[in-house]
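Following: one structure in structure tokens, then a few remarks.
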Number of protein chains: 2
Amino acid sequence: MAQESPTFSPLYKQIRSLIVQALEAGDWQPGQTIPSEQELALRFGVSQGTVRKAVDELASENILVRKQGKGTFVSTHQDPRAAFRFLRLKALDGRLVQPKSMPLECMRAKAGPEAARNLGVEVGCPIVMVRRLLRFEGKPVVIDEMYLSGDAFPGLTMEVLKDWHGSLYSLFESRFGVRMIRAEEKVRAILADKAVAEVLGVAESTPLLSVERLAFSYGDKPVEWRRGLYSTEDYYYANELS
Amino acid sequence: MAQESPTFSPLYKQIRSLIVQALEAGDWQPGQTIPSEQELALRFGVSQGTVRKAVDELASENILVRKQGKGTFVSTHQDPRAAFRFLRLKALDGRLVQPKSMPLECMRAKAGPEAARNLGVEVGCPIVMVRRLLRFEGKPVVIDEMYLSGDAFPGLTMEVLKDWHGSLYSLFESRFGVRMIRAEEKVRAILADKAVAEVLGVAESTPLLSVERLAFSYGDKPVEWRRGLYSTEDYYYANELS
DNA sequence: AAGTGGTCTAGACCACGTC
DNA sequence: ACGTGGTCTAGACCACTTT
């Protein structure tokens with residue numbers, strides 16, 4: 001037999017790709033259902049079982065959400081329960097608290113070497129820098145500074161940020177069509193400098209978590225690089241190992 | 001029809017339980033293969049597809065490992081590549097480094113209220129306390145203090161710890177038959193006190209990660225409660241969000 | 001060649017939600 | 001009653017490893 005599959009890819013992986021392409025193209029919007037498995041099977045010319053395996057994989061990656069009896073939905077950052085997915089903070093007693101975001105600064109700039117490397121663009125490309133404060137139960141807990149590809153976020157201004165009540169990722173999703181799929185975080189411990197201490201309402205030299213995040217959209221494309229400083233006097237960063 | 005399934009449980013979940021029971025009973029040892037899907041299907045009187053679904057789930061939880069053409073294996077902490085699973089530290093440049101463990105203290109005691117609550121035992125039950133230092137490339141980076149149910153770890157002494165070259169979890173697995181399946185971690189930032197600073201070779205009041213971990217064995221039984229202090233001058237705590 | 005897991009199919013039936 | 005996803009089956013064939 002000819003060994004004709006050095007790039008062998010199972011059918012369900014190809015179906016998976018087709019579904020992701022449709023999501024990227026905006027054929028199905030966040031929060032809405034996608035066509036039924038039967039219909040997708042017909043459309044793609046495969047059996048329902050093969051579509052099922054593709055959807056299973058996307059559901060396990062939190063890109064789709066299955067609901068028995070109702071259909072399969074495109075996951076959305078609008079869902080308030082999804083907020084914890086990308087902000088792993090819990091109150092010391094384990095409670096999940098919904099933070100409120102307060103923008104501090106929003107400016108357009110050119111990518112420096114570090115931002116360019118992380119975002120996978122050329123040095124000097126247009127980017128947007130956003131600084132904001134997160135309050136939990138009224139108390140400032142997180143200060144974030146993030147860098148976004150300018151091209152992907154036209155018209156992102158201080159006013160837009162101020163008018164938005166919800167998570168940043170739900171703004172990105174609904175206003176700019178940019179959906180965060182996964183992220184990598186690097187956590188270290190640092191000391192609060194004077195400026196940060198003032199904003200967070202803690203003493204200078206208070207220990208803080210430094211959480212550097214690179215967030216990816218479809219196709220593992222990096223679209224956001226951010227660094228957050230977390231005060232962990234009343235909250236902790238929760239993680240699950242398995 | 002009678003609504004006879006308030007406690008409905010799919011067949012594959014039951015098969016999953018049977019497999020976990022066999023693992024708990026020690027029928028199949030870490031690193032070894034389990035019987036083939038065909039054989040399990042025969043033994044349990046279900047189709048191969050149902051066994052497959054059960055095994056799929058256990059593989060996704062890192063309890064089993066599938067290897068095409070070879071069989072399905074019981075995962076083991078002996079595998080050096082599995083060390084990162086429960087110790088999420090990488091060098092600043094992203095390299096994975098294999099740490100060396102150095103025991104500092106090992107004593108038996110009675111559970112205080114906090115340890116008892118976390119381990120799910122009565123106050124006063126026998127426990128073992130272990131303190132140890134982790135070195136990465138010669139440098140001290142982590143100091144750990146852990147509490148274990150005394151009953152589950154008979155004969156765990158300083159000598160045993162000193163003689164062991166490998167991860168603690170591989171020692172627990174091979175010598176005591178206790179296998180860690182998953183864990184929850186709470187991460188905060190704290191300041192090094194004088195004693196800790198000395199051991200880690202950093203200045204007093206250096207910011208450190210405080211990583212509190214509760215580790216579970218089969219059946220979500222808590223068996224280890226530990227707190228680690230991580231120096232993040234040369235390493236970071238890596239996490240993947242999705 | 002034989003044995004393992006991996007993929008794909010087709011069809012039956014169950015559980016859940018909506019009409 | 002109907003449509004959706006969820007489970008279960010039986011069988012065929014593919015890809016990988018070992019004998």
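Predicted, not measured: the structure shown is a model, and the values here were computed from it. Here is the naming used below: chain letters follow the sequence lines, and residue numbers restart at 1 for every chain.
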Nucleotide [N], atom [atom2] - distance to [atom1] of [X] in whole Å:
X: B/F73; N: C/dG3; atom1: CZ; atom2: P; answer: 17 Å
X: A/E39; N: D/dG5; atom1: CD; atom2: C1'; answer: 15 Å
X: B/Q68; N: D/dA15; atom1: CD; atom2: P; answer: 9 Å

Residues [X], [Y]: salt bridge by 4.0 Å N-O rule:
X: A/E145; Y: A/R227; value: no
X: B/E137; Y: B/K139; value: no
X: B/R175; Y: B/E173; value: no

In Å and rounded to the nearest 0.5 Å, what is the CG to OG1 distance from B/L58 to B/T72? 10.0 Å

Determine: side-chain N/O of B/K67 to OP1/OP2 of C/dT4, distance under 4.0 Å, yes or no. no

Just N and O in the side chain of B/S36: are any of them under 4.0 Å from OP1 or OP2 of C/dG3?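 Answer is no, no contact under 4.0 Å.
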
Name the closest nucleotide to the A/F8 side chain, picking from D/dA15, D/dT17, C/dG17. D/dA15

Contacting residues from residues 10-18 of chain B, given that a heavy atom lies under 4.0 angstrom of DNA chain D: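 Within residues 10-18 of chain B, the residues near DNA chain D are B/P10, B/L11, B/Y12.
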
Quick one, which residues of residues 47-61 of chain A touch DNA chain C with a heavy atom under 4.0 Å? A/S47, A/T50, A/K53

Is NZ or CZ of A/R182 both nearer than 6.0 Å to the six-membered ring centre of A/F216 and within 45° of the ring axis? yes

Report yes or no: is the cationic atom of A/K90 (NZ for Lys, CZ for Arg) under 6.0 Å from the centre of the six-membered ring of A/Y236, at an angle within 45° of the ring normal? no

